[in-house]
Amino acid sequence: MPAVASSPVPAVLEKLGPLDADRIADLRPYLESVPDPRSRRGRWYSLTAILLVCACAAVCGAKSIDELAEFGERATNSLLASLGVRRHLLGWRRSPKPVTLGRVLQALDGDALDQAVGALLADRHRITASADVPEARSRQVIAVDGKALKGSARLAAPRRHLLSAVTHDRVATIAQVEVGAKTNEVRHFKPLLAPLDLADTVVTFDALHSVKANITWLVETKKAHYIAVIKTNQPTAYAQLAALPWTSIKVQHTASATAHGRRESRSIKTCAIADNLGGIAFPHAHLAIRVHRRRKPTGRPETRENVYAVTSLAAHQTRPADLAAAIRGHWGIENSSHYIRDVTFAEDASTIHAGTAPRAMATIRNLAIGTLKILGAHNIAKTTRAIRHEPERSLAILGITNNQDTHGT
């Protein structure tokens with residue numbers, strides 16, 4: 001129901017619903033598992049308090065270390081107390097300065113921070129999914145995708161590259177590892193997914209990860225299904241898929257939409273295949289998929305494209321519409337996660353480069369985006385602006401405090 005004019009809660013925050021303890025897992029226990037890299041001597045702030053300041057600031061839209069510190073400077077004594085910032089003998093509380101935040105983020109254990117944040121988002125996502133009505137429940141789909149931190153490059157060091165596992169529905173990054181360069185993604189595929197419970201989950205990935213050992217491990221060890229999108233950079237496999245008798249197969253599902261100044265339509269066909277396709281090994285493969293996409297931008301010629309994929313799902317385990325949605329969802333990660341990090345949180349423009357800081361900042365952004373998406377936020381930029389005006393709202397969003405009578409706060 002739309003908010004009335006006198007409502008103190010912005011309409012964009014009403015979508016987040018009641019933030020009660022049964023629905024919102026507390027962030028603090030997860031962050032307490034991250035080891036403190038500092039010497040015990042001279043510490044004033046606990047590591048958990050520093051990370052909570054960063055998390056709340058990110059939920060309020062902070063883009064840089066300076067903006068993280070500025071959030072703390074504007075915070076009230078009661079807000080800082082809730083975040084665990086110690087009180088001075090004279091009664092005041094002061095948030096960490098930019099130099100303190102920078103030094104801590106540079107020295108952090110990036111793997112431990114990613115595991116803590118990923119575990120929180122996975123738990124919250126599971127709670128939310130279990131609360132959905134039975135008709136809305138479906139097999140979980142997770143995309144494995146990489147992203148470069150462009151501003152982290154220096155003359156003597158290449159840009160950092162991260163590989164992530166991202167849920168399609170209520171987009172959240174539930175696992176992340178640093179791989180150094182895009183060409184290293186293949187060998188980090190197993191370490192990324194190993195901690196996750198993937199039983200009966202569908203994992204989508206592109207041709208780079210279509211390695212026999214990875215696919216076999218995913219199906220036989222993790223008991224998961226896969227959809228591997230095959231691009232032209234795998235010419236043999238692409239040619240074999242394109243050579244299947246698609247013209248004799250009827251279209252099994254179509255969808256169209258008009259948005260962003262263009263009209264798009266997609267049709268899907270599937271073809272049963274054996275465990276190998278023309279000598280190119282795809283372990284446990286059951287279906288080949290062809291998605292035909294037509295795009296007509298306003299005032300420009302129509303373009304057409306075929307996208308090919310292979311899946312371990314058999315025809316009786318899925319529907320063509322679900323396969324089409326999963327393939328589209330894999331490409332949609334670019335808009336639903338990467339675009340938000342680059343535009344709303346200015347990740348590409350960030351020049352942070354020392355130590356673990358670039359990865360830690362990316363993880364903090366993942367935490368903010370995933371938390372808000374799981375709660376039902378559609379426009380992250382509007383939501384963070386609304387929270388920024390009343391930063392105390394970030395506490396309940398992160399599970400630090402829970403008021404049963406509060407909606408969106």
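Here the structure is a predicted model, which means the values were calculated and not measured. Nothing fancy with the numbering, it's 1 onward along the sequence.
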Within a strict 4.5 Å, meaning less than it, do heavy atoms of the V291 and S267 side chains meet?
no
Would you call L162 and L149 a side-chain contact if the rule is heavy atoms closer than 4.5 Å?
yes
Under 3.5 Å, is there a donor-acceptor pair between the E220 and H284 side chains?
yes
Sidechain-backbone polar pair: K269 side chain, I249 backbone, donor-acceptor under 3.5 Å:
yes
For the residue pair Q176 / N366, report whether a side-chain donor-acceptor contact shorter than 3.5 Å exists.
yes
I'd like to know whether NZ of K190 has more than 12 heavy-atom contacts from other residues, nucleotides or ligands below 6.0 angstrom.
yes
Between T167 and Q140, do the side chains contain a donor N or O and an acceptor N or O under 3.5 Å apart?
no
Determine whether the side chains of S78 and T76 contain a donor N or O and an acceptor N or O closer than 3.5 Å.
yes
Which of parallel (below 30°), tilted (30 to 60°) and perpendicular (above 60°) describes Y308 and W246?
tilted
Please determine which of K150, K147, K63 meets the salt bridge (charged side-chain N to carboxylate O under 4.0 Å, His left out) test together with D342.
K147
Could you measure the distance from the CG atom of D114 to the CG atom of L108? Nearest 0.5 Å is fine.
10.5 Å
Count the heavy atoms belonging to other residues, nucleotides or ligands that lie under 6.0 Å from CZ of R38, then report whether that count exceeds 12.
yes
Any side-chain to backbone donor/acceptor pair from R295 onto R263? Under 3.5 Å, distance only.
no
Identify the residue among L68, V104, L83, L31 that makes a side chain to side chain contact (heavy atoms under 4.5 Å, CB included) with I50.
V104
Atom pair OH/OG of Y45 and S95 - distance to nearest 0.5 Å:
6.0 Å
Are R304 and H292 packed together at the side-chain level, in the sense that at least one heavy-atom pair is separated by less than 4.5 angstrom?
yes
Within-4.5 Å side-chain heavy-atom neighbours: L398 and V59
yes
Determine whether L372 and R170 make a side-chain contact, defined as any pair of heavy atoms from C-beta on separated by less than 4.5 Å.
no
Output yes when a side-chain donor or acceptor of T371 lies under 3.5 Å from a complementary backbone atom of A368, and no otherwise.
no
Do the non-hydrogen side-chain atoms of V144 and F189 ever get within less than 4.5 Å of each other?
yes
Hey, does the side chain of H125 reach the backbone of D123 with a donor-acceptor pair shorter than 3.5 angstrom?
no
Run the side chain to side chain contact (heavy atoms under 4.5 Å, CB included) check on T356 and Q106 step by step: do they pass?
CA-CA 5 Å; T356 317; Q106 289 173 26; 6.0 Å; no
In Å, rounded to the nearest 0.5 Å, how long is the span from CD1 of I364 to SG of C54?
4.5 Å
Heavy-atom check, side chain of T311 versus side chain of H286, under 4.5 Å
no
Assess whether atom CZ of R328 is packed by more than 12 heavy atoms of other residues, nucleotides or ligands within 6.0 Å.
no
With a 4.5 Å cut-off on side-chain heavy atoms, are V166 and I174 touching?
no
Cationic N near anionic O, under 4.0 Å, R293 to E264:
no
Quick check: does any side chain N or O of S394 sit under 3.5 Å from a backbone N or O of P391, one acting as donor and the other as acceptor?
yes
Evaluate whether atom CZ of R103 has more than 12 neighbouring non-hydrogen atoms of other residues, nucleotides or ligands under 6.0 angstrom away.
no
Can you tell me how far CZ of R319 sits from CD1 of I268, rounded to the nearest 0.5 angstrom?
11.5 Å
Do we see a donor-acceptor contact under 3.5 Å between the side chains of H330 and T204?
yes
